[in-house]
2 protein chains.
Amino acid sequence: MSVITAMEILDIRFPTSRELDGSDAMNPDPDYSAAYLILRTDAEDGHEGHGFVFTIGRGNEVETAAIAALREHLLGRDAEELLADMGAAWKLLAHDSQLRWLGPEKGVMHMAIGAVVNALWDLKAKRAGLPLWELLASMSPEEIVSLVDFRYLSDALTPEDALGILRAAEPGRTARRTELLAEGYPGYTTTPGWLGYSDSKLSRLAKEAVAEGFTQIKLKVGASLEDDIRRIRTAREAVGPDVRIAVDANQRWDVQEAIEWMRHLAPYDVAWIEEPTSPDDILGHAAIARGVAPIPVATGEHVQNRVVFKQMLQAGSLQVLQLDAARVAGVNENIAILLLAAKFGVRVCPHAGGVGLCEAVQHLSMFDFVAVSGTMEDRMIEFVDHLHEHFVTPVDVHSGAYWPPSAPGAGNEMLAASLADYRYPDGPVWAAEANTAAASTAAVES
Amino acid sequence: MSVITAMEILDIRFPTSRELDGSDAMNPDPDYSAAYLILRTDAEDGHEGHGFVFTIGRGNEVETAAIAALREHLLGRDAEELLADMGAAWKLLAHDSQLRWLGPEKGVMHMAIGAVVNALWDLKAKRAGLPLWELLASMSPEEIVSLVDFRYLSDALTPEDALGILRAAEPGRTARRTELLAEGYPGYTTTPGWLGYSDSKLSRLAKEAVAEGFTQIKLKVGASLEDDIRRIRTAREAVGPDVRIAVDANQRWDVQEAIEWMRHLAPYDVAWIEEPTSPDDILGHAAIARGVAPIPVATGEHVQNRVVFKQMLQAGSLQVLQLDAARVAGVNENIAILLLAAKFGVRVCPHAGGVGLCEAVQHLSMFDFVAVSGTMEDRMIEFVDHLHEHFVTPVDVHSGAYWPPSAPGAGNEMLAASLADYRYPDGPVWAAEANTAAASTAAVES
């Protein structure tokens, strides 16, 4: 037996707003951040479990407080017992009756539970000596079903449905694992398309993306129709007719506005329209999907939990499901979402980027290919070439694909040096910024 | 000009779990709590703005952290300017692009914004020398419309729709104000029905409720069908055929389960079924509403924002809308919700109880009667007789009705002595508890 002895919780922020990396119509100046958790045990193996919530700056400290609120469920607890039944571990956290009031199952508290769940999976995978995708893909259909909380899902997906999906995929697991290792998992890139970039930078980066082997890029839209038309024309000219261009409005529009705006962009052959409106608007997305067809609607990075995804699938609100590694309550809930997507026959193209989201979410797509949906057809993982250098096992993306990680763990672990340097507000990067600001204030005043 | 000089933020908790007050199928042991905010300015009038988020214990400190994250928007700001345009004040807080990532518009961060917005309204009403309901009911239709953020609503409610509703109600305002002062606003009581109470306590409290003039009571259900049947039979025998009995499952069921369970309770003449399933399940509630008709479905205390209420109205998910003073982003968003309900012709019966929710929410129903829907027909405000003694202006509920408050403010202000006594974990009530626990541990060990 080993016991969970410590939860170290860190407020890590990267000053990305200085370069307008990550700028879009709703998020003009994000500082990519992580409310970061390290779980430690007294086991002799010395393995730690790492997990995080991704945020875009202010409020990262609220997430660290939310992670800390889960301490009493974990400290002093038998790690083997927790890791042996991860379905029970999930419920221990998500069903806390008092904390549930703060959601339920949404927002700050739910994402904090996700960080803890993902840290437990990181620890479990390290102990197993496997990357998370392989660990999950080595579990039996019954074991996988036991990870999922079917509460509120049974009108769309029962445990028997899930078992059927997983059993149907079981015979092909070995062949698909081989295929995945040989061919990678397709990626697409958002790097060219941030709203803060000039047309010439957009054009140059779009061409570079194609040269790097990507077959789809994505543009941020929604701030100005005139600009959007010019930018998508620029991008289309840069990449030619055979590369797909998706657009992403980051929740900027109301229903009718989305339909009308897209009418102007449709002539440039749009691969999908992403987050056209509020991520809570299931019926609104369904109306937009009908209004912009045949352009598919994509959403998910802000979809709060499996209950909303269930309804979006029931209502035809989305044709591309973009799960996120750090929005819902971790790996377990994302498995529920993968099973829902498989049940409804909808493709999954995860949201990534930010900091660490690419490293984490690739495991889910690869597990899905091997053991759930069994297909990569029309599926891609988003890729943004930011901040990977801070991770112990950064993604390996080349030739337009994600290449399966082989290091044990869930991919969440940042370098110790990065954790020290970017700690907010006292790490050297931020302390230096505070000094510079103080100096320039002093200069103005003198 | 006066400036906001301080935001005092307090973690206030009442040890209600000791008596099983507030126990239901999902919340067996709540400690009613408030993440409490006091706004101060340098104005000579000395008025403070008070607001809070209601929680049920653990995690209350996460809400205080979330309120603190809003400090930089308020401290040092011109109070007159903020209070003069409360629509702009709402957007200042709710549209913060970085904090928005933590929701958007849901959960911990959204409720924290609600506390700040409600504290600003409390300050504004005190400065005006009016109770909040009268302040709101004295504003012109145009001023009221300017308080609402119509983003994501325009497919169901436009500013023009809202203006039409408010203008139609304008001529009758004076007569309805007189009616309200003379007759009060109907209430119903949940005091008899907590799940932790014995049958004899339930029966006694139900009879007392009828004697006190209430025409509706509510029972918690959902833990055991056998118990529920016995308890509703007990309650029906206690109150006779003419008093309405609503039941509340506190999100316990899946869709089909809700429909089947209610089949067994229907013979006892159920006034409504409240929170049958996940508050996120718009389509699930709609299916339940079809399945249990003609019993109305009620929900709202956990409905995260106006976008979800909009859809519930569009889909026919609810027939009784139970807005809550401290779940969404404060008075402004609740006005949007009142306007949506009026547009769809659905009755509003607010959720209350907890701590301070009755004091706060009565203002919204009274404003709605005078200036929005113009009707009290089949409408009631929930009443639970708990913890009112901690408020500066506790509700006046008698003869089965809420009687309009006349004190200036929004009703949110707790007594200074209560704030001191129940501060967690260092107030005397909790410090004593910690000492008792330490003493009994020592006794066991010795």
Side-chain angles (χ1 to χ4, degrees), chain A residues 26-31 33 54-66 68-69 72 95-112 150-155 251 254-257 277-284 287 302 304-305 307-308 310-311 314-315, chain B residues 26-31 33 54-66 68-69 72 95-112 150-155 251 254-257 277-284 287 302 304-305 307-308 310-311 314-315:
Chain A
M26 292 292 269
N27 306 297
D29 56 352
D31 283 327
S33 301
F54 170 64
T55 81
I56 61 172
R58 280 188 295 282
N60 203 48
E61 78 283 9
V62 182
E63 281 293 352
T64 59
E72 64 180 280
H95 291 191
D96 178 312
S97 66
Q98 295 190 1
L99 294 177
R100 202 176 172 279
W101 189 272
L102 303 181
E105 303 195 44
K106 60 181 64 77
V108 167
M109 202 64 234
H110 204 52
M111 293 192 279
F150 287 89
R151 176 179 273 179
Y152 305 139
L153 296 187
S154 66
D155 55 326
Q251 315 169 25
D254 277 27
V255 172
Q256 201 51 43
E257 193 180 10
T277 191
S278 164
D280 306 339
D281 201 344
I282 296 152
L283 301 178
H302 284 87
Q304 65 203 34
N305 60 33
V307 181
V308 176
K310 175 190 76 168
Q311 295 172 81
Q314 289 173 318
Chain B
M26 292 293 268
N27 307 298
D29 56 352
D31 283 327
S33 302
F54 170 63
T55 81
I56 61 171
R58 279 188 295 282
N60 203 48
E61 77 283 9
V62 182
E63 282 293 351
T64 60
E72 65 181 280
H95 291 191
D96 178 313
S97 67
Q98 294 189 2
L99 293 178
R100 202 176 172 279
W101 189 272
L102 304 181
E105 302 194 47
K106 60 181 64 74
V108 166
M109 202 64 235
H110 204 53
M111 293 192 281
F150 287 89
R151 175 179 274 180
Y152 306 139
L153 296 187
S154 65
D155 56 324
Q251 313 168 27
D254 277 27
V255 172
Q256 202 50 45
E257 191 181 10
T277 190
S278 164
D280 305 339
D281 202 345
I282 296 153
L283 301 178
H302 283 87
Q304 66 204 33
N305 60 33
V307 182
V308 176
K310 175 190 76 168
Q311 295 172 80
Q314 289 173 318

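- With chain A as partner, the option from B:Leu102, B:Val255, B:Asp155 having the largest number of non-hydrogen pairs under 4.5 angstrom is B:Leu102.
- Of all the listed residues (A:Ile282, A:Asn60, A:Leu283), the one sharing the greatest number of non-hydrogen pairs under 4.5 Å with chain B is A:Leu283.
- Between chain B and the residues A:Lys310, A:Gln304, A:Gln314, the most heavy-atom pairs under 4.5 angstrom are made by A:Gln304.
- No donor-acceptor distance shorter than 3.5 angstrom exists from the side chain of A:Gln98 to the backbone of B:Thr55, with no hydrogens or angles considered.
- Note on B:Ala112, B:Pro104, B:Gly59: by heavy-atom pairs under 4.5 Å with chain A, the leading option is B:Pro104.
- Every residue meeting the ring-ring contact (aromatic ring centres under 6.0 Å, His included) condition with A:His302, not counting sequence neighbours, appears here in chain and number order: B:Trp101.
- Heavy-atom distances place no part of A:Glu257 under 4.5 Å from chain B, backbone and side chain included.
- Although no hydrogens or angles enter the test, the distance criterion places no donor-acceptor pair under 3.5 Å between the side chain of A:Tyr152 and the main chain of B:Gly284.
- If you measure heavy-atom distances from B:Pro279 to chain A, the contacts under 4.5 Å come from the side chain alone.
- With hydrogens and angles disregarded, no donor-acceptor distance shorter than 3.5 Å links the side chain of B:Asp280 to the backbone of A:Val307.
- Looking at A:Asp281 and B:Gln311, their side chains come closer than 4.5 Å, going by heavy atoms from C-beta outward.
- Not counting sequence neighbours, A:Arg100 has no partner by the salt bridge (Lys or Arg N to Asp or Glu O under 4.0 Å) test.
- Between A:Ala65 and B:Val62 the shortest heavy-atom distance is O-CG2, 3.7 Å.
- Contact count versus chain B (heavy atoms, under 4.5 Å) is highest, among A:Asp31, A:Leu153, A:Val308, A:Asp96, for A:Asp96.
- The residue among B:Met111, B:His95, B:Arg151 with the most heavy atom pairs within less than 4.5 Å of chain A is B:Arg151.
- At a 4.5 Å heavy-atom cutoff, the contact between B:Asn305 and chain A is made by side-chain atoms alone.
- Of the atoms belonging to B:Phe54, heavy atoms from both backbone and side chain fall under 4.5 Å from chain A.
- A:Ser97 and B:Ile56 make their closest contact through O-CD1, 3.5 Å (heavy atoms, listed as atom of the first residue, atom of the second, distance).
- Of the listed residues (B:Ser278, B:Gly107, B:Ala69), the one with the most heavy-atom contacts under 4.5 Å to chain A is B:Ser278.
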